[in-house]
Trainee: 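Handing you a structure now.
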Amino acid sequence: MLKVGEKLYEGKAKILYATEDPALVIQYFKDDATAFNAQKRGTIMDKGVCNNKISSALFQVMEQAGVPTHFVKQLSDREMLVKRLEIIPLEVTMRNITAGGMSRMLGIEEGIVLKQPVFEWHYKSDPLGDPLMNDDHILALQLATTQELETIRRLSSKVNDTLKTYFATRGIDLVDFKLEFGRYRGHILLGDEISPDTCRFWEQGTKKKLDKDRFRRDLGDVEAAYQEMLRRVLG
Ligand code: UDP
């Protein structure tokens, strides 16, 4: 039996707590920040509050766009009630503009607008640094079924189209982002969070970075960037 309030899991940026309903858990957002597979650690003041509020708003936008998510409701500044998923150990990244890992892997500069979005599967493994994998790896290792991969691809595309438009109207270019999916009562739901920790946001015109790259690259004004993204989402 789960004890209400029992800590089920503590990750780098969030903690999961049990509720009286075994199908629901509380996702608590911390201010802890890590980068480069947790080799770099720090704290970003009120990041947890910003990410909880931004994610809560964006999950509702996703639901309206027809993307089922684990979101149930925002409970407090740092807590979100979510459906308890069986997480699939894959990270999806979608890219609209070159940056980060894609620029490093292919030796191309950041900031090139891609002719079409780039979809990537990564194996969720901190010790391995989330390596890139393809459909064959996933199917051969039975991490997910063909049908699940198809659903995740379709939903990820919908997330990208919806978020790109949503942020464009708020003066922000959506460069890339990471998603995680899980199983719940036979369905695939979008899980985790959608926030400046998991997306790259560039201000249109100035190209100012308003995401975790300010922490990763020691660019300063880290807290202000998270607050600015919250302001754009709520405004
Ligand atoms: N990302 C993430 N968690 C990870 C790796 C990447 O949320 O463990 C996000 C990252 O913030 C960016 C996108 O996924 O918005 C693509 O990241 P990339 O593959 O370029 O890796 P990075 O340069 O961050 O190492």
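Whatever order the structure lists ligands and atoms in, that order sets their numbers, starting from 1.
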Trainee: Specify the protein heavy atom at minimum distance from atom 11 (O) of ligand 1: its residue, its atom name, and the distance to 0.1 Å.
Mentor: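 I find the closest protein heavy atom is Arg216 NH2, 2.9 Å.
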
Trainee: Atom 22 (P) of ligand 1: which of Lys124, Met102, Arg200 has the nearest heavy atom?
Mentor: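 Comparing heavy atoms across Lys124, Met102, Arg200, the nearest one to atom 22 (P) of ligand 1 lies in Arg200.
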
Trainee: For salt bridge (charged side-chain N to carboxylate O under 4.0 Å, His left out), just list the numbers for Arg153 and Asp135, CA-CA rounded to whole Å, side-chain angles, deciding distance to a tenth of an Å, and then say yes or no.
Mentor: CA-CA 11 Å; Arg153 267 184 188 268; Asp135 291 51; 3.4 Å; yes

Trainee: Any carboxylate oxygen within less than 4.0 angstrom of a Lys/Arg side-chain nitrogen, looking at Lys178 and Asp197?
Mentor: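 Not counted as a salt bridge, because no side-chain N and carboxylate O are separated by less than 4.0 Å.
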
Trainee: Side chain or backbone, does Gly100 bring an N or O within less than 3.5 Å of an N or O on ligand 1?
Mentor: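 Not met; the criterion fails.
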
Trainee: Which protein heavy atom lies closest to atom 19 (O) of ligand 1, and at what distance to 0.1 Å?
Mentor: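 Protein heavy atom with the smallest distance to atom 19 (O) of ligand 1: Arg95 NH2, 2.7 Å.
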
Trainee: Measure the distance from atom 8 (O) of ligand 1 to every protein heavy atom, then report the residue, atom name and distance (to 0.1 Å) of the closest one.
Mentor: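 Result for atom 8 (O) of ligand 1: Asp130 OD2, 3.0 Å.
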
Trainee: Report yes or no: does Asn37 have a heavy atom closer than 4.0 Å to ligand 1?
Mentor: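 The answer is no, since Asn37 has no heavy atom less than 4.0 Å from ligand 1.
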
Trainee: For Asp211, which part has a heavy atom under 4.0 Å from ligand 1: side chain, backbone, both, or neither?
Mentor: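 Neither; nothing of Asp211 gets under 4.0 Å from ligand 1.
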
Trainee: With the side chain counted from C-beta on, respond yes when Leu114 and Asn96 share a heavy-atom pair under 4.5 Å apart, and no when they do not.
Mentor: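 No - every pair of side-chain heavy atoms lies 4.5 Å or more apart.
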
Trainee: Considering only the protein, which heavy-atom contact is closest to atom 4 (C) of ligand 1, and what is its distance?
Mentor: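 Of every protein heavy atom, Glu91 OE1, 3.7 Å lies nearest to atom 4 (C) of ligand 1.
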
Trainee: Do we see a donor-acceptor contact under 3.5 Å between the side chains of Glu203 and Thr206?
Mentor: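 Note: Glu203 and Thr206 side chains meet the donor-acceptor criterion.
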
Trainee: As a quick check of understanding, evaluate salt bridge (charged side-chain N to carboxylate O under 4.0 Å, His left out) for Arg78 and Asp31, giving each step before the final call.
Mentor: CA-CA 10 Å; Arg78 289 180 183 271; Asp31 286 348; 2.9 Å; yes

Trainee: When you compare ligand 1 with Glu120, is there at least one nitrogen or oxygen pair between them that comes in under 3.5 angstrom?
Mentor: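 No, there is no polar N/O contact under 3.5 Å.
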
Trainee: Give a yes or no on whether a salt bridge exists between Lys208 and Glu228, defined as a side-chain N under 4.0 angstrom from a carboxylate O.
Mentor: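 Judged by the 4.0 Å cut-off on N to carboxylate O distance, Lys208 and Glu228 do not form a salt bridge.
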
Trainee: Salt bridge between Glu193 and Lys53, side-chain N to carboxylate O under 4.0 Å?
Mentor: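 Looking at Lys53 together with Glu193, the answer is no, because their closest N to O distance does not fall below 4.0 Å.
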
Trainee: Nearest protein heavy-atom contact for atom 2 (C) of ligand 1: which residue, which atom, what distance?
Mentor: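 It is Lys178 CE, 3.4 Å.
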
Trainee: How far is atom 25 (O) of ligand 1 from its nearest protein heavy atom, and which residue and atom is that?
Mentor: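 So the nearest neighbour among protein heavy atoms is Arg104 NH2, 3.0 Å.
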
Trainee: Compare all side-chain heavy atoms of Val233 with those of Tyr166 and state whether any distance is below 4.5 angstrom.
Mentor: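 Result yes, sub-4.5 Å side-chain heavy-atom pair found.
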
Trainee: Pull out every atom of ligand 1 sitting under 4.0 Å from any heavy atom of Gly101, numbered as shown with elements.
Mentor: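 Counting from 1, the qualifying ligand atoms are 18 (P), 20 (O), 21 (O), 23 (O).
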
Trainee: Which of the atoms in ligand 1, numbered in the order shown and given with their element, are less than 4.0 Å from a heavy-atom of Asp197?
Mentor: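 Those of ligand 1 that fall under 4.0 Å from Asp197 are 7 (O), 11 (O).
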
Trainee: Is ligand 1 under 4.0 Å from a heavy atom in the side chain of His122, in the backbone, in both, or in neither?
Mentor: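 Neither part.
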
Trainee: Could you say whether the N/O atoms of Thr93 and ligand 1 ever approach to under 3.5 Å?
Mentor: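 No, no N or O pair falls under 3.5 Å.
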
Trainee: Could you tell me which non-hydrogen atom of Lys30 sits nearest to which non-hydrogen atom of Gly11, and how far apart they are?
Mentor: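 Nearest heavy atoms, Lys30 then Gly11: NZ-O, 2.9 Å.
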
Trainee: May I ask you to say whether Lys12 pairs ionically with Asp126, meaning some side-chain N is under 4.0 Å from a carboxylate O?
Mentor: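 Salt bridge flag = yes for Asp126 with Lys12.
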
Trainee: Below 4.0 Å, non-hydrogen atoms only: which portion of Lys212 touches ligand 1? Side chain, backbone, both or neither.
Mentor: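 Looking at Lys212 and ligand 1, no heavy atom falls under 4.0 Å.
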
Trainee: Is Lys209 salt-bridged to Asp211, cutoff N-O under 4.0 Å?
Mentor: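 So Lys209 does not pair with Asp211 through a salt bridge.
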
Trainee: Could you tell me the residue and atom name of the protein heavy atom closest to atom 13 (C) of ligand 1, and the distance to it rounded to 0.1 Å?
Mentor: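 Atom 13 (C) of ligand 1 sits closest to the protein heavy atom Asp176 OD1, 3.5 Å.
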
